[in-house]
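For reference, the structure discussed in these notes is given below.
The first residue of the sequence shown is numbered 1, and numbering continues consecutively from there. As a basis for the values below, the full set of heavy atoms in this structure was taken, side chains included, without hydrogen atoms, waters or symmetry mates.
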Amino acid sequence: MIANASGFLSTVSVIPDMPSIRVMNLLRTRTIKMPDKRIFGTGDRLGIRTITSDLRFVRAAANQGVVLDSYIHSSHSF
């Protein structure tokens, strides 16, 4: 299993934070905070779908008129 993880991680590239203006302009609320703005905003700027279980952020952004390309999965405890 460790070999599989190592093989996978060798194909992953780190993307620096570069959030889009439209996500950075979201008003701060209880569900819209800076770490999420960086994550979702970077995906938004680069046109990358964000895979997340953070439905609250996605809904809060949509309520402010910013629809994000995201895939929502159910949350699981590990």
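Taking the salt bridge (Lys or Arg N to Asp or Glu O under 4.0 Å) definition, one finds that R49 meets it with D69, sequence neighbours left out. Applying the side chain to side chain donor-acceptor pair (under 3.5 Å) test to S75 and every residue at least two apart in sequence or in another chain returns nothing.
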Side-chain atoms of residues 52-59: list all donor-acceptor pairs with protein atoms under 3.5 Å, sequence neighbours left out, distances to 0.1 Å.
{"from": "T52", "atom 1": "OG1", "to": "D54", "atom 2": "N", "distance (Å)": "2.8"}
{"from": "D54", "atom 1": "OD1", "to": "F57", "atom 2": "N", "distance (Å)": "3.2"}

Review item, side-chain donor-acceptor pairs of residues 13-27, under 3.5 Å, at least two apart:
{"from": "S20", "atom 1": "OG", "to": "V23", "atom 2": "N", "distance (Å)": "3.4"}
{"from": "S20", "atom 1": "OG", "to": "D44", "atom 2": "OD2", "distance (Å)": "2.6"}
{"from": "R22", "atom 1": "NE", "to": "D44", "atom 2": "OD1", "distance (Å)": "3.3"}
{"from": "R22", "atom 1": "NE", "to": "D44", "atom 2": "OD2", "distance (Å)": "2.8"}
{"from": "R22", "atom 1": "NH2", "to": "D44", "atom 2": "OD1", "distance (Å)": "2.9"}
{"from": "R22", "atom 1": "NH2", "to": "V67", "atom 2": "O", "distance (Å)": "2.8"}
{"from": "N25", "atom 1": "ND2", "to": "I21", "atom 2": "O", "distance (Å)": "3.3"}

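For residues 25-37, the set of pairs meeting the salt bridge (charged side-chain N to carboxylate O under 4.0 Å, His left out) definition, not counting sequence neighbours, is empty. Each ring pair (Phe, Tyr, Trp, His ring centres under 6.0 Å) pair with one or both residues in residues 8-34, not counting sequence neighbours, would appear here, but there are none.
T42 places no side-chain N or O within donor-acceptor distance of the main-chain N or O of I39, the cut-off being under 3.5 Å.
Under a hydrophobic clustering in which Ile, Leu, Val, Met, Phe, Trp and Tyr are joined whenever their side-chain heavy atoms come within less than 4.5 Å, directly or via other members, L46 and L68 fall into different clusters.
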